[in-house]
Amino acid sequence: MTDFLFARPSFIGGMARILDLGGAFDAYNVSLTEQIADARAMLADWAAVGNDIRDAADKVASEHVTGSDDVA
């Protein structure tokens, strides 16, 4: 999973935000154009979907190999 759209929290950063009444620490990911931002977001979304599919396939494969006949 990517952290492109998420902040990386730290203790010092949290303490600084308490005193940041003007919002100087509010920084967001910046792209040159809206199209680039959209493309990056879509790529991240599809990467997440691909990871979910891969995880599900691995789970099914491991259950098939172990011979588990339990149906949930």
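Keep in mind it's a predicted model, so treat the numbers as computed, not measured.
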Between atom [atom1] of [X] and atom [atom2] of [Y], what is the distance when rounded to the nearest 0.5 Å?
X: I53; Y: D58; atom1: CD1; atom2: CG; answer: 12.0 Å
X: R40; Y: D38; atom1: CZ; atom2: CG; answer: 11.5 Å
X: W46; Y: N51; atom1: CH2; atom2: CG; answer: 13.0 Å

Taking only residues two or more places apart in sequence, or in another chain, which ones meet [X] in a side chain to side chain contact (heavy atoms under 4.5 Å, CB included)?
X: M15; value: F11, I18
X: V60; value: none
X: L43; value: none

Using a side-chain heavy atom cutoff under 4.5 Å and only I, L, V, M, F, W and Y, what cluster partners does I36 have?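 Under the 4.5 Å side-chain rule, I36 groups with L32.
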